[in-house]
Amino acid sequence: MPPREGTYGLLAEFRTPGDLVRAARQAHEDGWRRLDCYTPYPLEEAAEAIGFHRNKVPLVTLIGGLLGGAAMFALETWISVIAFPLNIAGRPTYSWPAFLVPAYEWTILWAGLSAGFGMLALNGLPSLYHPLFNAPNFRTGATTDKFFLCLEALDPKFDLVESKAYLEGLEPISVVEVEY
Amino acid sequence: MATSEVNIHDRVDPATGEYRVIAPGESFLSVTEKVTRIVLTPHTPLGWFGFFAVAGAGTTMLMVALTWLFLKGVGIWAISQPVAWGFAIINFVWWIGIGHAGTLISAILLLFKQGWRNSISRFAEAMTIFAVICAAMFPVIHVGRPWLGYWLLPLPLTMDVWPQFRSPLMWDTFAVSTYATISVVFWYIGMVPDLGTLRDRAQSKIAQYFYGILSVGWRGSVRHWMRYETASLLLAGLATPLVLSVHTVISFDFAVAVLPGWHTTIFPPYFVAGAIYSGFAMVLTLAIPLRKFYHLEALVTERHIDNMGKIMLVTGFIVGYGYGMEAFMAWYSADHWEAFTFWNRAFGPMGWSYWLLVTLNLFIPLTTLWVRKWRTNMIFMFAMSIIVNTGMWFERFVIIVTSLTRDYLPSSWGTYRATKWDYMTLFGSLGLFTFLFLLFVRFLPMMPMNEIRLLLPAAKVRAKTGPEVSK
Amino acid sequence: MPQIFDRSSNALARMSLVLTGLIVIALGVMLDQLQRSPWVTRQGQRPDQPVPFSHEHHVQGLGLQCQYCHTTVEKSSYAGIPPTRTCMNCHAQIWTDAQLLEPVRNSWYTGESIVWTKVHDLPDFVYFNHSIHVNKGIGCESCHGRVDEMPLMYEQNTLQMEWCLNCHRNPAKNLRPTSEIYNMVWEEPTPYRPVWCAATADKTGVPTAQDVNCTTRDPNSGEAGGQMAALQSPPGPGQGTEGAAPPIPVPIPSAAPYQKFTSQDELGHFLLVHYKIKSPRLITSCQTCHR
Amino acid sequence: MNTAANHAEDAIGNGVKNEKQAAAATDEPMSLAQVRQKLKGVEGKRLSTPQTKTNLRGPRLSTPQTKTNLRGPRLWRSLDELADTPEFRAAVEKEFPTAAQEWIDPVSRRGFLKLMGASMALAGLAGCTKQPEEPIYPYVKAPEDLVLGEPMYFATAHPFPTGAVPLLVKSSEFRPIKVDGNPEHAYNRGGSDPLSQGTLLGMYDPDRSQHVLYRGENRQWEEFVEAFTGKVASTKDGTGIYFLSATITSPTLARQWKAVQTAYPKARLVQYDPAIAGTWAEQGIGFQADLSSADVIVSLDADFISGPAYPGFHKLVRDYATRRKQPEKGMNRLYAIESATTTTGMKAEHRLLLRASEVPAFTAELAKAVGVGGVNPPAWDWTAEQKAYLAALVKDLKANSGKSAVLPGLYQDRSVYELALAINGALGNIGKTVFVSEDTVNPLPSDQLADLKALVADLNAGKVDWLVMLDSNPIYDAPADLDFNSAFNRANIAVHLGSHLDETGQISHWHVNSAHYLESWSDCRAYDGTVSIVQPMIAPLYNGHTAHEVLQSLLNQPMLSPYAAVRETWMPVIQKNEKVPGDQELAWRKVLHDGWIEGTAFDKTAKANVQAAYHGAVPTPTAKDSLEIIFRPDPSVYDGRFSNVGWLQELPKPVISLSWDNGALMAGALITKLGVAEEDVVELSVGNGKAQAPVVAMPGHPQNSVTAYLGYGRAFAGRVGSGQGFNAYQIRYTWAPFYAAGSIRHVPGKWGVAITKSHYQDHRSTALLGQGSGDNSLEGDEALGPRGIVRYATLDEFKANPNFAHEGERYDTPSLDTSLFPNWDYSKASTENAWGMSIDMNSCVGCNACIVSCYAENNIAVVGKQQARIGRTMQWIRIDTYFEGDLAAPRAHLQPMLCQQCENAPCEQVCPVGATVHSPEGLNMMVYNRCVGTRYCSNNCPYKVRRFNFLLYSDYETESLKLMRNPDVTVRSRGVMEKCSYCVQRIQEAKITADKENRPIRDGEVITACQQACPAQAITFGNLNDQTSRVTKLRAMQRSYQVIADINTRPRTTYVAEVSNPNPELEETPVEHDPAKG
């Protein structure tokens, strides 16, 4: 698809997490839905403020774990019972207690991988390029000590001038327009 | 800003009387500064090069030893009949044990919401990974025909023969590989936001690209943060049973065997405890010089050292209980094999190693670590960490070698004398470990800045954020 | 502060992730194929031989029996490569000046061996025994392929362990009457080409090969078919291995009750019983081949 | 063991420390180069085993001094190089008509024969590596009777000074690959001994001399014959022609000598065998005993069960053991009066320790007591113990007159022999249990020492013109007082016929390389006199020649071949045998086929009425506090003739488990007295001769005496034997060949010795739990006590409680339902064969024959002294020795230990790749090519019977050794675990044969190598699902027990518990010995 042009959104910077949270909650209550906060550390209040409560990571993890475990146990059983049944130390071919250990390890392995990479995927990462990085003040502190609120242009209520005024009303340090 | 200059009230929180987790007066920026400068500075400190040279020499020694090993065969080591396992397996178990602290700190302490673990978790994890690398090396090189190692994986080869899943060594294969993978994932995921910070603070283009790619474009959206938090919690939840299982599985290598002295049900718990014991010791061995060298006393405070000292005290006692239980069972089971093996450990030809380990692992630490003053004495704790890890190495020596020298059939009793190749491999692996760790310190954020920020007072979302909050 | 990466980088990043995955998979598949490939197994390759000996010509063309050259195939683990003398039996008279046969004559006069290149070369830790396979109704063709159609000898099968196991796990599908082991054109029975077999009582000490008589012609029509393999006939002085067994006459075909088989499966299981083929459990045990 | 670290380093080929020899010499530049170049063809095979390049010399030993001393490259070149010499081609072509290349080209060698351990390393990679192309070398004219891949068996015999050992040799493609006793021969009935077994490697020994040499230069045999015969002829009557030969045992050779003597009356023949000279065996008397009917056996320093050094060993042991197999049917009782610890003493019910010089006096006392007339024992104050012993012994003997046998020691004063004869006479044993024959196995009896002295005198007098030495090595083994070395130089020309360029060959003018008995025609007599024809199994590898040819060359048919000569000797007899004079050829062939000539046994009734009176003098014992040094031929290398046989060098000597060395063997008490420790060096001196030796403790050795085994300290034995141990001949004199008064002193230095199993010396402890007193062996106490590894009872106890082997702590065998898992089904219904083995500990005499037999059958590698020192010997079967009671006078229990083939094998469960699994027939299979070498199985083996190739031990380079290997057994490469397989290759062979013949495998059809070699028939192998098989019956016996069965391993190998038959009168005689602390 052709690269988008025009405005991505309006980025307001706040001094403290508190200010950000207040502003974000305000915006959310005023009906803004396409908005996001950017903080240098996990700030749960902000997430709740913009109405983001649950996510799918646990589900992905669960599925990954179950598949991993089942796969390994099935493999072991197939190998020892069907593929090449051998008399090992007089033990039965289907020695399930022994098979549990690797199966258990694989459960964790695949759950863990799904959790980690599932999270990245759900977050739409990697995205090395992002419009926000165009904002002059974003990369100078978003990952260090600054707190941002971004109203995105895709929001139906979005109007460059009004939205800007609206943001100004939330007592930010500054508001800048972010181009694609 | 060495600790000595800071007055007592900065170190101890008057309210709780506890040591502070973070020295006062730190801000988001200052914390970030402290951590990022180590990586982003264009001027690598000379000391670093000094250590690096030593570590490099160690690694070279290891390579020499391994080359000779592959040319000649495992016969260059002291292993023989009946002692068919020697240094290689001892080192393996020892390193794996050390590798437990990292995951433990980042996972279990996270679940227990132990805020103080934040500033040490990152390099503890790194330590874990490098320890696991060193450990994983040994099972591969110790086999007679290493080039056939891939037979331990269930691959569709033309032989139509498969691995044998009743063998603890197969369990090892999966336990260790899983542990390594999960640790790396955990470590990397945890590092992504900090890599973002580095990206944003890096001056040189190369650094920006390097960290830019590694940080996969992290931008700190709270939505991301929330998924990130969930993932971390889940990983922690998974890593906890994993970390416990890994050394349990390792202990199966021995517990599942019929050999007196190996065939013991106490092994899993006391191997795990021992692992944590030695793991924390290793964290101390690294943390104490690091904080001094990079002036991180404000972030790694006496509180950390103190707490780790406490944990070592506890695990030390569990280990002690393990030893005691072995002795007790030797008597109580009235089983001649057990009784003889224990007697032989303590008073046989290799008794010296048993008493050495008891001294290093129990007598010295468990008598001194009670004292809070000593627990916060850097020199003392550093020495202690070395002592404990030496002791833990000898624990494995006693379990593996001494048990093997005299087992069921008296005619086959033997003895064991390590060759210089054994020692070269052991110390070489230490070199490799340091080598990797130094690289990590130089090029990656050694502390999780985002997590440390959480600990700062500024991070608290104050109540006066408007009337809405109250509802 | 400007962007570090340009717009395309996102697509690139994702693509490279996918690619990495694909490459790993591809590599695995390739290795898996490689280990079974003729490059490794020499399957189907015709190595240069000092004399371009044509099995096609000698077997199909002249109708030589396999045993004429591979004399010990029924008695020994080793089938036997014919000594130069065997060649000279005929080539002393015919083709005496053929350039192709120079190495043979040379060997005959100098006493130096003809240096052939091994075509069927098992790994050295594998102990394969021809005689027992032949005695139990595995035809030459089952492993060596249509030798009678090979102008130059080549390896029909991989001779890899999985290939061996494939049969040891289910011998029935390759069994044929011992009378047919040297038969290159033997085909498994079908409703259109049935096989009739008769089993005589199993006598201890009498090779199982002699317990079964099979024919591809309807026995009721009279004459029996199929060439007679040496081990079908009662043990002669030549067969040391069966020296213990007392010589007994070959049962007259028509006397025995013939059974009709229209599928390899039926025939295989019939022979499995009467040739007393050991159970897969026994013949897949490691030391059957490795010592 | 304090130098173990160093040795470990030596072991890895990393510099030679204080030791005399380094293991695996990896640096032999020229042969390395050669082999490289030889290997071009097989480069591919090597790729994945780089170690084969660096470790070409693998397990072979070489001593620095050999390297320097051995003259030039000749001795040193490997057969690879030799392979290109015309001689070798010639030799080979004789044997393998026109297929010579097959044995010379390194690649093709791998063509047919399964000698391909090298590619083992590739095993797993087979999937992803190409095999190299392998050529085929067919015959040009195939031999008639050859079926490639099917072994053939030929009868022959191993000539030995104390009587030949009739053999049946297994030959594959006309190469002898296994030597065993001839099961149909009346004398040894299939039993053999370590030495005979070892001769196989002796023949393929790459260090054998390969040329006729004159002053170090290659010559042809014909040139020698020309010079020799020319010279002798010129003397007319043979003046100045002296022959010095090893004891002649070949009647044909004797006949040839007599012919020479008549032709050249002045020529002299001197026989000298260091282990025979001065004994009664050299004299013209044959002493034979039939122990099958003897209830009481008395050994007067007669070590008749530890090896063939004692005349009649095979039959004596067989009969002795037979009488112990079923105690309920009565068993014999053995009294051993001995001066050095031997298995005879260890097996004896009652053992009396005497210093060697006391034995004659004691014998005299005994003789007097049993009523031999005219004997007057020297006055001697016997201890209470000795008196009591004598009294009881006499009583027992008298009670069993006619049913007893008194055996005289071979290495004792002549009076002992005569008295023993008289005693037997007085007891009326002659003709019943003891027989005397006029002739002996050496047809030319002589007083060897006297002759040798005379020879030296003549040498010094310059009378000796040509000295022709036939298979003897006087420079090395002549008594010290003769100073043979200097006398030797007085001879104008010295000719040496020998298998090696040994000490004598080095300095002789002529050296003629002799042919091995497996390469040549000859004849000899088993100890009972039965004649065996020695027929060649293979053409002489190096064109060797024999004494027959040397002597024949002087006669009027100089070219008459040994074959013809032998035939000439025996054809008359053979014809006489034939009831109906039939076809000579047929009769001759029958003899060759059977391996012996009917009716040639000695007439044993000759001196049936030995007069029961003795008038000779009996020597007075030396003072009790003076030190005696005892000389005995070595149990493994005998008088030194087997020094270069790796199998025998690595063999742990009976009782002390010492390998690769002899040593000053002494009692712990003496060690304490000298204030030394094991591995310290002492100097033994007799007269003015001195020899330095390592201290090795020998439990139960008399105090104030030291035993020194002969046959070590060779300078030119070859890469294996040179420089091992010390040379005891340096202190051996003609006036005291068996024991001499001497002195001992501690000298500085350490001398590491390889003791192959845990040595009680290292493991004593007076510490907690009362584990072992200072005087006891901790191992012994453990094994006999709480561990129940060795179980035994006296005859009375056994009768009172036949179930003794299963009562007491951990003596019980767990029932089949002790396992959580369902039992695997080994019933008849499930598998036709379920293999099992039973070992009778009452019969085992610890002679080690089984070990050597196993070496040969299973291509086991020799690892060398350094590796042996750190416990890496590869023997699949070993004889565990446990000492019971006070180490000053212990009783040893011998237990052959090999893979127990557990049904619940601990080793299998822990192997990650399934390289060791169980066969449906209950065998614990070890699949070498699947093994990755984790060694976990070895750790988990309670019996520690698994052996690991820590380095590349197998020799892939030496041509001759390749010819020797058993083609049915894979040669194991580096990094692979191996172990006893119950000789699975034999099982498989039997299965295929039986299957082709459509019949079950017969009982006794499968015989394991150890079982085959055992002269005492202690080992029985068979099918447990066959209710009639011998092994099933033995297993059913109440005395049968499994070792360490309480951990539920369910071994397939069971042991039959010992029963001893002590004399009640001697049972409790508590004697105080000096503490044996070392």
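What you are looking at is a predicted structure, and each value in this text was computed from that prediction instead of being measured. Below, chains carry the letters A, B, ... as their sequence lines are ordered, and counting in each starts from 1.
- For chain B, the option among Gly780(D), Ser657(D), Ser938(D), Ala915(D) with the highest count of heavy-atom pairs below 4.5 Å is Ser938(D).
- Interface remark: Leu69(B) contributes backbone atoms only to the contact with chain D (heavy atom separation under 4.5 Å).
- For the pair Arg878(D) and Ser412(B), the minimum side-chain heavy-atom distance is below 4.5 Å.
- Residues Pro168(B) and Tyr936(D) form a side-chain contact, since some pair of their non-hydrogen atoms from C-beta on lies under 4.5 Å apart.
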Mind running side chain to side chain contact (heavy atoms under 4.5 Å, CB included) on Arg166(B) and Glu908(D) for me, showing each step along the way?
CA-CA 9 Å; Arg166(B) 293 164 194 79; Glu908(D) 291 172 4; over 6 Å; no
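- Side chain of Gln164(B) to main chain of Gln909(D): a donor-acceptor pair is present (N/O by atom type, distance under 3.5 Å, no hydrogens or angles).
- Contact annotation: the side chain of His142(B) approaches that of Arg935(D) to within less than 4.5 Å [non-hydrogen atoms, C-beta and beyond].
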Would you please test Arg947(D) and Gln81(B) for side chain to side chain contact (heavy atoms under 4.5 Å, CB included) and show each step?
CA-CA 7 Å; Arg947(D) 297 286 174 259; Gln81(B) 306 286 351; 3.9 Å; yes
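- Considering only heavy atoms from C-beta on, Leu778(D) comes within 4.5 Å of Trp413(B) through its side chain.
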Chi angles and distances behind the side chain to side chain contact (heavy atoms under 4.5 Å, CB included) call for Tyr408(B), Val1043(D)
CA-CA 10 Å; Tyr408(B) 288 101; Val1043(D) 172; over 6 Å; no
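- Panel note: side chain Arg145(B), backbone Cys931(D); a donor-acceptor pair is recorded below 3.5 Å.
- The shortest side-chain heavy-atom distance between Asn939(D) and Trp262(B) falls under the 4.5 Å cut-off.
- Between Phe950(D) and Trp77(B), a ring centre-to-centre spacing not shorter than 6.0 Å is recorded.
- Under the 4.5 Å side-chain criterion, counting only non-hydrogen atoms from C-beta, Trp337(B) is in contact with Arg787(D).
- Put simply, of Val161(B), Leu259(B), Ile89(B), the one with the most heavy-atom pairs under 4.5 Å next to chain D is Val161(B).
- Side-chain contact check for Val258(B) versus Pro942(D): some heavy-atom pair is nearer than 4.5 Å.
- In this structure, chain B has a heavy atom under 4.5 Å from the side chain of Asp1046(D), while its backbone stays farther away.
- Of the possible donor and acceptor atoms, one in the side chain of Ser167(B) sits under 3.5 Å from a partner among the backbone N and O of Val910(D).
- In this structure, Phe821(D) places its CZ atom where more than 12 heavy-atom neighbours from other residues, nucleotides or ligands lie under 6.0 Å away.
- Ile789(D) is listed as a side-chain neighbour of Pro410(B), based on a closest heavy-atom distance under 4.5 Å.
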